[in-house]
Amino acid sequence: MSEIRTRIAPSPTGDPHVGTAYIALFNRCFAHHHGGKFILRIEDTDQVRSTDQSEKDILEALGWLGLSWDEGPGIGGEYGPYKQSERGEIYDQHIKQLLDTGSAFPCFCTSHRLDDLRKQQMSDKAAVGYDGHCLQLGPEAVAARVAAGEEHVIRMKIPKEGECTFDDMLRGPVSISWSQVDMQVLIKSDGKPTYHFANVVDDHLMRISHVIRGEEWINSAPKHILLYQYFGWDVPVLCHMPLLRNPDKSKLSKRKNPTSIGYYQAMGYLPEAMLNYLGMMGWTMPTGEEMFNLQEMTHSFDINRVSLGGPIFDIQKLDWLNGKYIRESLDDQQFAKLFAEWAFSADKIQRIVPLLKQRVERFCDVAELGSFFISANPTLSIELFEHKVLTIEAQIKILQFSLWHLEALEVWNREFIESSLQGLAGQLDLKIRDFLSPLFLAISGKAVSTSVIESIDILKLDITRARLRAAIDVLGGISKKMAKNLEREYRSLD
RNA sequence: GUCCCCAUCGUCUAGAGGCCUAGGACACCUGGUUUUCAUCCAGGCAACAGGGGUUCGAAACCCCUUGGGGACGCCA
């Protein structure tokens, strides 16, 4: 049997997600258990959303967890480059092949036409998908329009009838009829490949033997398989893992649960505990032992021990596990060292000190004033929020709108946060001092504290989000109806 | 809506037809140890979604129903 090679292919379009780490963990364990290689590839074909910062954060987060890779960014390897934005020529060559053999075709339809088409199909209760409009174009017409530089995408052809059956390593045979499969765009109008195309080309060229990914991809498997066939390539073994869930069983999302690895790091979880916890989502040691490290998991790994029900990411159990790690695997010296590094990292302390220094008279004042920087979310009560001009409802609005504003920030620094929030206060026609009041309480637990804008800057978005949301909950939360109204009002702001 | 996937305590799960009166862990409750608390220890509560088959025997295999989730983008 040839070498087992697996990969994780994150898209650098946001915060490092625990789901990414989860899938990475299983890919790494599977490959290493069988003496194979685990590859990291950056899927940055979305020019609009991909950022260097996100890429950096993701690599760091995986590194923090100890999920090292054998080939990929920073390591190299013989199948590079490992960043899709640097593989443009490869995709160009390959799409040409599909165009030449007639497996793919240019499509000149505007997004406007496609929208109308989709709406029509919805109201007709028909299957939603591309109608093959540009398939009717003659080769001369196509050539002329392409030569004229007309904007277009390239789509893949899909059989009209029959079905695609493949063997999922965990689920057995899965059949999806071709009528359910859309003529997927392979090359976008900006000339970049879509995930579906790039992922197949790269997985083949990088000799990926097993594709272990989230269940959300099952329905796209036929497209991928067909592409392999168009190229005449062997299809790797496919394996779809269950999805991590919110407590309400929906797919884990940051709207409902902290999903950023950075959040857990900032909250003082140990990477070993975090990884161990992810390992017990859908998987157990043959011995039933719940506490295990990456090496032990790798050694005992058996993909068939994965259970298919979507596991709920239960922070309570994670907390218990983390506590167990702190108590049982750390001696006093290690605890002191790790805690100090976490709480007083040079970077963090440098930024906090100027805020505290001007507001204390004695060192013994420091802990109380600055505790919220290293504590869990402050304990709040609704009484705290009694305000001379602001109603509870107004404060909920301030908190929610602020959160939306902060989430939309392209750059996270003091200036941006300040102008964003000041702008919001203006739009809401509130004095900045009143506007900031609920934010002070949510962030620090106190009405009087260090500059809330600088505090938000230092605490970063993950923690800020958690605290704003906790405050909103204390104030009674947002009902569905309220959410609708708030969203409408928020959209009409500018 | 269409298609796909899934289904054991509230949660994570063990379970490969008889070892199942369904085991462990978190959470919760009770008691013990501890100057308090936490830890730790002992105990308790709590599940095979429903209905049909197959079989001498079903939590396990098959079918239907129900429930949950996912996909249906020039996002990944």
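Just so we're on the same page: letters track the sequence lines, and every chain starts at 1.
- Residue A:Cys109 is classed as a base contact, given a heavy-atom separation below 4.0 Å to a base.
- Enclosure of atom CD in A:Glu341 by more than 12 non-hydrogen atoms of other residues, nucleotides or ligands within 6.0 angstrom is indicated.
- A:Gly282 comes within contact range of the sugar-phosphate backbone alone, with a heavy-atom separation under 4.0 Å but no base atom that close.
- Here B:rC61 sits opposite B:rG53 as a Watson-Crick or G-U wobble pair (both hydrogen-bonding atom distances under 3.5 Å).
- Rounded to whole Å, atom C1' of B:rC74 lies 7 Å from atom CG of A:Asp190.
- Less than 6.0 angstrom separates the ring centroid of A:Trp233 from the ring centroid of A:His94.
- Across B:rA14 and B:rG31, the matching P atoms stand 34 Å from one another, rounded to whole Å.
- B:rA22 and B:rU65 have their C1' atoms separated by 25 Å, with the value rounded to a whole Å.
- Note: CE (A:Met291) to C1' (B:rC12) measures 16 Å, nearest angstrom.
- Using Watson-Crick or G-U wobble geometry with both donor-acceptor distances under 3.5 Å, B:rA14 finds no partner in any strand shown.
- Counting any heavy atom pair closer than 4.0 Å across all strands shown, A:Val153 reaches a base atom.
- Pairing partner, B:rU66: B:rA7, with both Watson-Crick or wobble hydrogen-bond distances short of 3.5 Å.
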List, one per line, each side-chain donor-acceptor pair under 3.5 Å for residues 58-67 of chain A, sequence neighbours excluded.
none

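- The distance from atom CD of A:Glu43 to atom P of B:rG73 is 19 Å, rounded to the nearest whole Å.
- Atom pair A:Arg113:CZ and B:rG73:C1' shows a separation of 16 Å (rounding to whole Å applied).
- The residues A:Arg87 and A:Glu89 are annotated as not salt-bridged, no charged nitrogen and carboxylate oxygen being separated by less than 4.0 angstrom.
- The six-membered or imidazole ring of A:His405 lies near that of A:Tyr490, with a centre-to-centre distance under 6.0 Å.
- Taking the salt bridge (Lys or Arg N to Asp or Glu O under 4.0 Å) definition, one finds that A:Lys96 meets it with A:Asp100, sequence neighbours left out.
- Qualifying salt bridge (Lys or Arg N to Asp or Glu O under 4.0 Å) partners for A:Glu161, counting only residues two or more places apart in sequence or in other chains: none.
- The line from OH of A:Tyr325 to CG of A:Asn322 is 9.5 Å long, rounded to the nearest 0.5 Å.
- The same atom, P, is picked in B:rC4 and in B:rC40; the two are 48 Å apart, to the nearest Å.
- Here B:rA25 presents its C1' atom at 12 Å from CG of A:Asn276, a figure rounded to the nearest Å.
- Evaluation of the salt bridge (Lys or Arg N to Asp or Glu O under 4.0 Å) test over residues 266-292 of chain A, restricted to residues two or more places apart or in two chains, returns A:Glu290-A:Lys317.
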Base-contact (B) and sugar-phosphate-only (S) positions in nucleotides 29-37 of chain B, heavy-atom cut-off under 4.0 Å, - elsewhere
---------

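- For the P atom pair drawn from B:rG50 and B:rC9, the interatomic distance equals 10 Å after rounding to whole Å.
- For the side chain to side chain donor-acceptor pair (under 3.5 Å) test, residues two or more places apart in sequence or in another chain that qualify with A:Asp248 are A:Ser250, A:Lys256.
- Look at the C1' atom in both B:rU39 and B:rC6: the space between them is 39 Å, to the nearest Å.
- If you look at A:Tyr22 and A:Trp283, their ring centroids are not closer than 6.0 Å.
- B:rU13 and B:rA71: their C1' atoms are spaced 27 Å apart (whole Å).
- Residues from residues 8-34 of chain A with heavy atoms under 4.0 angstrom of RNA chain B, sorted by number: A:Ser11.
- A distance below 6.0 Å separates the ring centres of A:His210 and A:Phe30.
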For nucleotides 66-72 of chain B, list the nitrogen or oxygen atoms of the protein found under 3.5 Å from its nitrogen or oxygen atoms, one pair per line.
| residue | atom | partner | partner atom | Å |
| --- | --- | --- | --- | --- |
| B:rG69 | O4' | A:Arg245 | NH1 | 3.4 |
| B:rG70 | OP1 | A:Lys251 | N | 3.0 |
| B:rG70 | N2 | A:Asn219 | ND2 | 3.0 |
| B:rA71 | OP1 | A:Lys251 | NZ | 3.0 |

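- Residues A:Asp70 and A:His32 bring a donor and an acceptor atom of their side chains to less than 3.5 Å of each other.
- Look at the P atom in both B:rA16 and B:rA7: the space between them is 16 Å, to the nearest Å.
- The CZ atom of A:Arg155 sits 6 Å away from the P atom of B:rC74 (whole-angstrom rounding).
- At a non-hydrogen distance threshold of 4.0 Å, A:Arg171, A:Val174, A:Ser175 from residues 166-175 of chain A come into contact with RNA chain B.
- Taking atom CD1 of A:Ile218 as the reference point, atom P of B:rC4 lies 11 Å away to the nearest angstrom.
- Remark: A:Ile303 CD1 to A:Phe26 CZ distance equals 7.5 Å, nearest 0.5 Å.
- With both pairing distances under 3.5 Å, B:rC19 is matched to nothing as a Watson-Crick or G-U wobble pair.
- Proximity of the aromatic rings of A:His299 and A:His33 is defined here by a centroid distance below 6.0 angstrom, and this criterion is not met.
- Between A:Thr284 and B:rA14 there is a side-chain N or O to OP1 or OP2 distance below 4.0 Å.
- Of the residues in residues 299-333 of chain A, A:Arg305, A:Ser307, A:Leu308, A:Gly309, A:Gly310, A:Pro311, A:Ile312, A:Asp314, A:Gln316, A:Lys317, A:Trp320, A:Arg327 come within less than 4.0 Å of RNA chain B through at least one heavy atom, sorted by number.
- For A:Gln184 and B:rC74, the CD to C1' distance is 9 Å, given to the nearest whole Å.
- For the salt bridge (Lys or Arg N to Asp or Glu O under 4.0 Å) test, residues two or more places apart in sequence or in another chain that qualify with A:Glu216 are A:Lys251.
- Residue pairs that meet the ring pair (Phe, Tyr, Trp, His ring centres under 6.0 Å) test with at least one member in residues 37-63 of chain A, sequence neighbours left out, do not exist here.
- Rounded to whole Å, the separation between the P atoms of B:rU8 and B:rU54 comes to 26 Å.
- Ring pair A:Tyr264/A:Phe313: centre-to-centre distance below 6.0 Å.
- Look at A:Thr45 and you'll find a side-chain N or O under 4.0 angstrom from OP1 or OP2 of B:rA76.
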